[in-house]
**Student:** 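The structure follows.
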Amino acid sequence: MKEITPEHVREPGLLVLDIAAADEDTALAAVTTLSLLWNVSRVTPAWHVPGQPGVRARLHAHLGHVGPPHD
């Protein structure tokens, strides 16, 4: 996994989110839900950390770019 660099968080409102989930489908569902709130990147391919349960994934978000309204 690449390190988070200053470029990733170069201005207020930029986020790097690391997600831990039971499986890839759950990680994708989390990204889909977050995309309703913020402008988010595609999720990275999920990876497994040896000795830890579940999978990990990373996405980037910009709080200044709000997603579509939702109920």
Side-chain angles (χ1 to χ4, degrees):
M1 171 79 331
K2 293 182 179 180
E3 290 186 35
I4 298 171
T5 67
E7 183 66 19
H8 291 122
V9 291
R10 69 185 177 277
E11 62 185 68
L14 294 179
L15 301 171
V16 177
L17 302 170
D18 285 334
I19 296 172
D23 53 48
E24 290 186 44
D25 289 340
T26 303
L28 181 58
V31 172
T32 300
T33 301
L34 290 170
S35 72
L36 297 174
L37 301 172
W38 305 314
N39 181 18
V40 300
S41 68
R42 291 184 179 167
V43 68
T44 62
W47 72 92
H48 175 74
V49 177
Q52 294 185 6
V55 297
R56 305 292 188 267
R58 176 174 284 177
L59 67 112
H60 300 87
H62 194 305
L63 297 181
H65 298 177
V66 178
H70 60 291
D71 297 329

**Student:** Could you list the residues that satisfy side chain to side chain contact (heavy atoms under 4.5 Å, CB included) with Ala46, not counting sequence neighbours?
**Tutor:**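 Once residues adjacent in sequence are excluded, the partners of Ala46 under the side chain to side chain contact (heavy atoms under 4.5 Å, CB included) criterion are Glu24, Val55.
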
**Student:** How many angstroms lie between CZ in Arg56 and CD1 in Ile19, if you round to the nearest 0.5 Å?
**Tutor:**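 Reported value, rounded in 0.5 Å steps: 11.0 Å.
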
**Student:** According to a 4.5 Å side-chain heavy-atom criterion applied to Ile, Leu, Val, Met, Phe, Trp and Tyr, with indirect links allowed, do Leu15 and Leu37 form part of one hydrophobic cluster?
**Tutor:**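 Cluster IDs for Leu15 and Leu37 match.
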
**Student:** Output the distance between atom CG (Leu28) and atom OG1 (Thr33), rounded to the nearest 0.5 Å.
**Tutor:**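 One gets 9.5 Å once the value is rounded to the nearest 0.5 Å.
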
**Student:** Write down the atom of Ala61, the atom of Trp38, and the distance for their closest heavy-atom approach.
**Tutor:**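 Taking every non-hydrogen atom into account, CB-CE3, 4.1 Å.
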
**Student:** Using modelled atom types and a 3.5 Å cut-off, is there a donor and acceptor pairing between side-chain atoms of His60 and backbone atoms of Leu17?
**Tutor:**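 No, the answer is negative, given that no donor and acceptor are paired below the 3.5 Å cut-off.
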
**Student:** Specify the closest pair of heavy atoms between Ala27 and Ala57, including all atoms of both residues, with the distance to one decimal.
**Tutor:**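 That would be CB-CB, 4.4 Å.
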
**Student:** For Asp23, give me all partners under side chain to side chain contact (heavy atoms under 4.5 Å, CB included), at least two apart in sequence or on another chain.
**Tutor:**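 Testing Asp23 for side chain to side chain contact (heavy atoms under 4.5 Å, CB included), a comparison that skips the adjacent residues, returns Asp25, Thr26.
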
